[in-house]
Engineer: 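I'd like to ask you about the structure that follows.
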There are 2 protein chains.
Amino acid sequence: MTMNDSQGRAAAAAGTATARTGKGLRRDAAENRARLLRAAWEAFAEHGADAGVEEIARRAGVGMGTLYRRFPTKDALINELSEVIFESILEYARMSAALGTDRAPGAPSGLEESLFHMGEVMASHHGCLARLWQASPPPEQDERRTELWQLMGQMLDQAKATGDVRPELTLTDVYLSVLALRSLIDDTAGTGPDLWRRYLEVVLAGFRPTPGARPLAYQPADDTLVTRGIPKHRH
Amino acid sequence: MTMNDSQGRAAAAAGTATARTGKGLRRDAAENRARLLRAAWEAFAEHGADAGVEEIARRAGVGMGTLYRRFPTKDALINELSEVIFESILEYARMSAALGTDRAPGAPSGLEESLFHMGEVMASHHGCLARLWQASPPPEQDERRTELWQLMGQMLDQAKATGDVRPELTLTDVYLSVLALRSLIDDTAGTGPDLWRRYLEVVLAGFRPTPGARPLAYQPADDTLVTRGIPKHRH
DNA sequence: GCGCAACCGGAGACCCATCTCCGCTTCGTG
DNA sequence: CACGAAGCGGAGATGGGTCTCCGGTTGCGC
């Protein structure tokens with residue numbers, strides 16, 4: 001896109017592209033934006049999602065005004081962080097799915113690989129995860145979320161085909177595992193070692209087919225839940 | 001065990017939960033106390049833990065002053081609800097552990113039974129679960145928590161002995177599963193069917209020993225985490 | 001250099017949930 | 001029945017957080 005400075009104001013007002021990516025900002029402004037994101041990441045990791053905006057601004061070495069000029073609201077800042085996390089997850093899933101079943105025998109399946117990577121990136125951003133899997137208004141984000149879960153679905157089918165996963169398992173089952181993993185990561189953040197790894201191992205063991213095992217007794221849920229995300233509030 | 005019956009029963013249940021509560025209250029006061037607990041339960045179930053005290057008072061048909069005379073703080077009210085939940089869990093675990101391995105072949109182990117019951121009672125109180133497994137100051141509660149996890153440890157050992165659970169599994173692994181289950185219940189509350197049941201089934205499948213399975217790669221965590229509970233804030 | 005639009009800081013306006021205070025009412029005992 | 005203690009309601013004080021406003025500053029095209 002090419003746009004001169006006189007139209008800069010209109011661009012900022014109309015499209016969120018400038019606000020989101022930080023492109024087209026004056027050098028100092030762009031730098032401050034990056035600092036703010038980094039500071040927010042650190043602050044949330046330390047104090048959870050209820051770290052105050054003032055601390056974030058202080059950590060970034062800027063004033064409140066700057067923070068709120070870059071991000072119209074605290075929520076927007078959090079969403080931006082979620083974006084980074086999600087992007088990493090999606091990118092890895094793309095690669096992992098593209099690899100298909102072409103793996104060394106005994107190696108973890110693409111599904112397992114992706115789930116462990118999800119854990120990894122979520123753990124390194126604990127505190128910013130609140131909105132990650134929630135139902136989200138922005139349509140562009142919804143589109144990418146749909147892509148992710150299509151990829152996960154592919155990998156789930158592959159894993160079933162190779163006998164790595166029991167056939168009754170649905171995509172929603174995987175989704176629920178991710179939700180649970182997310183919460184566990186946030187809950188156990190700061191308690192020493194990465195407890196979530198071992199937990200995920202146990203869950204994945206539950207995914208695998210076992211010779212004489214009884215089938216799952218409870219019915220699976222509708223798979224549309226996965227792309228919709230979980231609702232923010234309950235009634 | 002639910003508080004669905006008359007107010008008198010709810011008052012009695014609340015009275016036995018903690019010695020300090022509602023003992024020598026005037027009749028109207030005791031009734032209001034029970035109403036408040038019931039109202040809080042409903043409000044939290046609907047709007048999550050951030051339901052306002054004003055709504056709780058309104059639901060109970062009393063004024064703010066009454067609420068704060070009965071419960072010195074909103075936290076105390078939440079703790080009182082947690083108490084009810086915990087009591088039910090502990091009681092069931094006691095019975096289940098006492099039964100030991102004396103079960104019909106193919107029947108679920110005491111461990112599985114207790115975990116499902118935990119899910120049941122947590123699900124019927126979703127929104128009040130925030131402080132359930134957190135590190136808690138009151139020493140009497142700590143004592144009972146220790147008892148619960150001793151019982152769970154017994155049942156874990158029994159399940160290992162009967163071959164229902166793989167030998168490498170530790171009490172902390174079970175604890176982490178409970179934490180994850182708790183969060184999942186809260187996250188998926190109100191999204192139709194009880195998704196947590198199927199999820200728990202999958203996790204329990206991961207508990208079971210499988211003939212040719214590889215052992216868990218990651219080391220278990222220190223078991224003291226279990227009775228300590230997870231810290232409230234991270235630094 | 002010059003000018004101006006974009007940017008900056010941070011004091012305080014604003015909002016909202018928690019909690020307090022006090023004049024009036026109700027219980028229940030002597 | 002009468003009287004004091006316990007209980008009651010709910011308006012508003014409090015506090016902590018988000019967000020705004022505006023005078024001064026700075027990057028950057030010309």
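This one's a predicted model, so the numbers in the text were calculated from it and none came from an experiment. Naming: A, B, ... by sequence-line order, numbering from 1 per chain.
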Engineer: Take atom CD of B:E147 as the centre, draw a 6.0 Å sphere, and report whether it contains more than 12 heavy atoms from other residues, nucleotides or ligands.
Structural biologist: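 Atom CD in B:E147 is packed in, count exceeds 12.
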Engineer: Using atom CD of B:E55 as one end and atom P of C:dC16 as the other, report the distance to the nearest whole Å.
Structural biologist: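 Atom CD in B:E55 sits about 16 Å away from atom P in C:dC16.
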Engineer: Using a cut-off of strictly less than 4.0 Å, decide whether B:R69 has a side-chain nitrogen or oxygen near OP1 or OP2 of C:dC19.
Structural biologist: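 For C:dC19, neither OP1 nor OP2 has a side-chain N or O of B:R69 closer than 4.0 Å.
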Engineer: Figure out the NZ/P separation between B:K74 and D:dG15, and round it to whole Å.
Structural biologist: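 Checked: the NZ to P distance equals 19 Å.
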Engineer: Quick one: closest heavy-atom pair of A:Y199 and B:A180, and the distance?
Structural biologist: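 Heavy atoms of A:Y199 and B:A180 come nearest at OH-CB, 3.3 Å.
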Engineer: Could you check how far CG of A:D50 sits from P of D:dG17, rounded to whole Å?
Structural biologist: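 Whole-Å distance recorded here is 9 Å.
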Engineer: Can you identify which nucleotide, out of C:dC7, D:dC8, C:dC19, has its nearest atom closest to the B:M64 side chain?
Structural biologist: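 Closest of the options to the side chain of B:M64: C:dC19.
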Engineer: Between the side chains of B:E91 and B:R94, is the shortest nitrogen-to-carboxylate-oxygen separation below 4.0 Å, so that they form an ion pair?
Structural biologist: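 Here B:R94 pairs with B:E91 in a salt bridge, since their nearest N and O are under 4.0 Å apart.
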Engineer: What's the NE2-C1' distance between B:H47 and C:dA17, to the nearest Å?
Structural biologist: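 Atom NE2 in B:H47 sits about 15 Å away from atom C1' in C:dA17.
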Engineer: Identify which nucleotide among C:dC7, D:dC19, D:dC8 has an atom closest to any side-chain atom of A:R26, counting heavy atoms from C-beta outward.
Structural biologist: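 Nearest to the side-chain atoms of A:R26, counting from C-beta on, is C:dC7.
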Engineer: Under 4.0 Å, counting only non-hydrogen atoms across every strand here, what does B:R58 touch: a base, just sugar-phosphate, or nothing?
Structural biologist: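 B:R58: no heavy atom of the nucleic acid under 4.0 Å.
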Engineer: Can you establish whether the number of heavy atoms outside B:E42 located under 6.0 Å from its atom CD is more than 12?
Structural biologist: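 Counting other residues, nucleotides and ligands, CD of B:E42 exceeds 12 neighbours.
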Engineer: Send over the distance from A:E31 CD to D:dT26 C1', rounded to a whole Å.
Structural biologist: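 In whole Å, D:dT26 C1' and A:E31 CD are 13 Å from each other.
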Engineer: Report yes if a side-chain nitrogen or oxygen of B:N32 is closer than 4.0 Å to either non-bridging phosphate oxygen (OP1 or OP2) of D:dC8; otherwise report no.
Structural biologist: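 For D:dC8, OP1 or OP2 has a side-chain N or O of B:N32 closer than 4.0 Å.
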Engineer: With a non-hydrogen cut-off below 4.0 angstrom, is A:G52 in contact with a base, only sugar-phosphate, or nothing?
Structural biologist: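 It contacts sugar-phosphate atoms only.
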Engineer: The side chain of A:D28 is closest to which nucleotide in this list: D:dG27, C:dC27, C:dG9?
Structural biologist: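 Nucleotide nearest to A:D28's side chain: D:dG27.
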Engineer: If each of B:R27 and B:T73 is mapped to the nucleotide of DNA chain C with the nearest heavy atom, which maps nearer the 5' terminus, i.e. the 5' end?
Structural biologist: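 Nearest-nucleotide comparison on DNA chain C picks B:T73.
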Engineer: From C:dC8, C:dT18, D:dT20, pick the nucleotide closest to the side chain of A:Y68?
Structural biologist: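 Nearest nucleotide to the side chain: D:dT20.
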Engineer: In whole Å, I'd like the distance from the CG atom of A:L77 to the P atom of D:dG17.
Structural biologist: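 The distance from CG of A:L77 to P of D:dG17 comes to 17 Å, rounded to the nearest Å.
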Engineer: What's the CG-C1' distance between B:L36 and D:dG9, to the nearest Å?
Structural biologist: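 Roughly 13 Å, once rounded to whole Å.
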Engineer: For a quick test of reading the model: is some side-chain N or O of B:T66 closer than 4.0 Å to OP1 or OP2 of D:dG9?
Structural biologist: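 Checking B:T66 against D:dG9: at least one side-chain N or O falls below 4.0 Å of OP1 or OP2.
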Engineer: Nearest whole Å is fine: how far is C:dA17 C1' from B:L67 CG?
Structural biologist: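 Taking atom C1' of C:dA17 as the reference, CG of B:L67 is at 13 Å.
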Engineer: Answer with yes or no whether the side chains of B:D173 and B:T170 bring together a donor and an acceptor at under 3.5 Å.
Structural biologist: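 Present: a donor and an acceptor within the cut-off.
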Engineer: Can you tell which of C:dT18, D:dT20, D:dG7 lies closest to the side chain of B:L25?
Structural biologist: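 Comparing C:dT18, D:dT20, D:dG7 against the side chain of B:L25, the answer is D:dG7.
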